[in-house]
Enquirer: 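Here's a structure for you.
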Amino acid sequence: MPSTAPILTCSGVSKFFGGLTALDNVDFEVSQGEVVALLGDNGAGKSTLIKCISGVYKPEHGQITFNGVEITNHAPSEIRDRGIETIYQDLALAENLDVGANVFLGKEKKKRFMGLFPVTDDEFMRQEATKVLDRLDIHIPSLKQKLVNLSGGQRQAVAIARAIYWNARLVIMDEPTAALGVPEQRKVLALIRSLRDQGVPVILISHTMHDVMAVANRLVIMRRGKVAANLPREGANEELVVKHMVGTAEGAL
Amino acid sequence: MTVSAANVPKGSPARDRVLDFMAQNWAYIFLLGMVIFFSVTGRGFLTLANFSTLLVTSTMVALMAIGQTYVVITAGIDLSIGWTVGLSSVICARVMRDLINGGADLAPAILIGVVLALFFSLIPGLVNGVLIARIKVPAFIATLGMFGIVRGAAFLLTDGQQIVGGLPNNLQDALRSVGSGSLLWWVPEQGIVFLNRPTDLPPAITRGIAGLLPYPLIITILVVVVFGFILSRMQFGRHTYAIGGNQEAAVRSGINVRNHLIWIYVLSAFTAGVAGVLHTFRFTAGVPNAAEAALLQSVAAVVIGGTNLFGGEGTIRGAVIGALIINVLSNGLVILNVNPIWQFVVVGVVIIIAVLVNQAQTALERLKANA
């Protein structure tokens, strides 16, 4: 279990959309070595919270610090440079390109052609992609394959590989198993554990209770823009979580 | 992923390989088939002189198709280049003519004409790019609007004439020496001759003279090589594909998609501008509607060459093959004495076949990958 100081701290974060309070004074922490599941009904504020963390939204109140640095008003690209990678449901991969090109998208490794023209070093990028996929224990038969020809789980792996290749120090995953078959879901859950074990904490948004129970160390349940409960995995069960989600648990707000 | 025995497609592997090869390279096979067909059936098709003419004629569509390929890979379309070619041609002819009539020397007049023509042809591209990338006007609408604007501009510059003519004789000769010139000539009974096309020969021999390396072809090959290299090997090309594959992913990975798209439309206008200048050199006149028909042919060439109209796929090589297929068809049908109107029908059929083959190929690829 985590014993270190939190790597990410959100304190008193509020976000309004017109008259709607999307986040209401939210406190949220993530420490090294944990997988935190972020749960809640639709509209509970999970997505708003991760968008505030990744810089897509600016909170009206509150502070977000990462590794001791305040990042509340940083641009998304800056936050990504600091090591917070968000893997969205749609993965944001160029499916018409191969694995190496995707891992290096926007940051292509170049070499000189005839000592003169800068060309993309596809061989290097492919090899680096293989290394990082090996680290995650993922094997893709041909790395020259375009992503469109890979399975959903393999694409998910590519998205994760890209994040950790660029030294992600915190990975946020939005419904990573939603579109996958059962064997692939298992693979992705294994990936999440493997990320955690390599010192990269994960925030996992999921509706699938089974996934949450399988990988999370801690469950944060949101309801109507507030944190309704913050439970360790031990002792939590589906019934309790649902009660917190709908607001009928003992001591619920 | 392991391949289970049940999923292995039926049929011998050798036949599959042949089918696969044909699906991958059908455009080349089709081109070769047509060349053979017309060589057998059409008298005068398979001659050096005809091939030289055919290649030079193809340069217009090929040049336009190069820029169009970039545009279509980003899931756009550029309809304005049909008139950008004309604008470039008209500016080129008019600037040269007016400078020389004003007393300028030949060489600087030609140079300034070419530079200004290329420069002004970039403007419609820049405006297209800004409209599409920054103001989010759909490419079809933005370039359709530009189609009208550039068409008007080109005709305004001809003072309402169908052509900018009346070029001084010395200028016409100079233009012709490039536009109709060749680095090497094949002369029947004499062999290969450098630079100057021999004159004062009997008509029977003159008819057989063929430019082996016509300048317009050399220039086009240069443009093909440069832009083909950029697309297939350089970061600019990689980003072009990424934008076409998933624009959102490109944005999130830090690619400056807006600026990139602007460059793409400028590039498209540039290759059209080169086509316009070449047209003026070849015909020693500025012709506003020089590429009226070539516009749709450029789109056709791109599609025949395997570029996906939804973006993300395509090659310059394919576009060039597409341009050649269209021109071999036109040329061959003329030689066979077929009513030229049939060209439209035939090219139309070929486009539809091209799209069908490409779809089948994509489906096949996916099947194989999932097997």
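Since this is a predicted model, take the numbers as computed values, not measurements.
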Enquirer: Looking at CD1 of B:I255 and CG of A:L105, how far apart are the two atoms once the value is rounded to the nearest 0.5 Å?
Expert: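 It is 4.0 Å, given to the nearest 0.5 Å.
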
Enquirer: Is there a donor-acceptor pair under 3.5 Å between the side chain of A:N96 and the backbone N or O of B:A242?
Expert: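 Looks like no, no N/O pair under 3.5 Å.
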
Enquirer: For a quick test of reading the model, state the closest non-hydrogen atom pair linking A:A94 to B:A249 and the distance between them.
Expert: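 Reported closest heavy-atom pair: N-CB, 4.2 Å.
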
Enquirer: When heavy-atom pairs shorter than 4.5 Å are enumerated against chain A, which of B:G237, B:G245, B:S232, B:G311 gives the highest number?
Expert: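 Result: the option with the highest number of such pairs is B:G245.
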
Enquirer: If I measure from the heavy atoms of chain B, does A:N102 come under 4.5 Å with its side chain, its backbone, both, or neither?
Expert: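 No part of it gets close to chain B.
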
Enquirer: Check whether any side-chain heavy atom of B:R238 lies under 4.5 Å from a side-chain heavy atom of A:F104, and answer yes or no.
Expert: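 The answer is no, as the side chains (C-beta and beyond) never meet within the 4.5 Å cut-off.
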
Enquirer: What do you reckon, is CZ of B:R317 surrounded by more than 12 foreign heavy atoms closer than 6.0 Å?
Expert: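 Result for CZ/B:R317: open.
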
Enquirer: In terms of heavy-atom contacts, does CZ of A:F17 have more than 12 from other residues, nucleotides or ligands at under 6.0 Å?
Expert: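 Yes, CZ of A:F17 has more than 12 neighbouring heavy atoms, counting only those of other groups under 6.0 Å.
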
Enquirer: Can you find a heavy atom in the side chain of B:I230 that is under 4.5 Å from one in the side chain of A:F117?
Expert: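 Sidechains of A:F117 and B:I230: no contact.
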
Enquirer: Is B:R233 positioned over the aromatic face of A:F113, cation under 6.0 angstrom from the ring centre and no more than 45 degrees off axis?
Expert: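 Positive - B:R233 is close enough to the ring of A:F113 and near enough to its axis.
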
Enquirer: Please rank B:E248, B:Q247, B:E313 by heavy-atom pairs under 4.5 Å with chain A and give me the top one.
Expert: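 Heavy-atom pair counts peak at B:E313.
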
Enquirer: Around atom CH2 of B:W26, are there more than 12 heavy atoms from other residues, nucleotides or ligands closer than 6.0 Å?
Expert: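 Yes - once you tally the heavy atoms of other residues, nucleotides and ligands closer than 6.0 Å, there are more than 12.
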
Enquirer: For A:T120, which atoms come within 4.5 Å of any heavy atom of chain B: side chain, backbone, both, or neither?
Expert: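 Both backbone and side chain of A:T120 come within 4.5 Å of chain B.
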
Enquirer: A:E95, A:K146, A:K107: which one forms the most heavy-atom pairs within less than 4.5 Å of chain B?
Expert: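 So the answer, after comparing A:E95, A:K146, A:K107, is A:K146.
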
Enquirer: Looking only at heavy atoms, which two atoms of A:G106 and B:Q235 are closest? And how far apart?
Expert: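 Between these two residues, the closest heavy atoms are O-NE2, 4.4 Å.
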
Enquirer: With a sphere of 6.0 Å drawn around NE2 of A:H210, does it hold more than 12 non-hydrogen atoms of other residues, nucleotides or ligands?
Expert: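 Open: at most 12 neighbouring heavy atoms sit under 6.0 Å from NE2 of A:H210.
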
Enquirer: Does NZ belonging to A:K144 count more than 12 external heavy atoms closer than 6.0 Å?
Expert: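 For A:K144, atom NZ is not crowded (no more than 12 foreign heavy atoms under 6.0 Å).
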
Enquirer: If you define the side chain from C-beta out and look only at heavy atoms, does anything of A:E108 sit under 4.5 Å from B:H239?
Expert: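 Answer yes - side chains close enough.
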
Enquirer: Using heavy-atom distances under 4.5 Å, tell me whether B:F229 contacts chain A through its side chain, its backbone, both, or neither.
Expert: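 The answer is the side chain of B:F229.
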
Enquirer: Show, in sequence, the C-alpha distance, side-chain angles and deciding distance for B:R252 and A:E85, and conclude whether the salt bridge (charged side-chain N to carboxylate O under 4.0 Å, His left out) test is met.
Expert: CA-CA 11 Å; B:R252 283 194 214 155; A:E85 277 287 345; over 6 Å; no

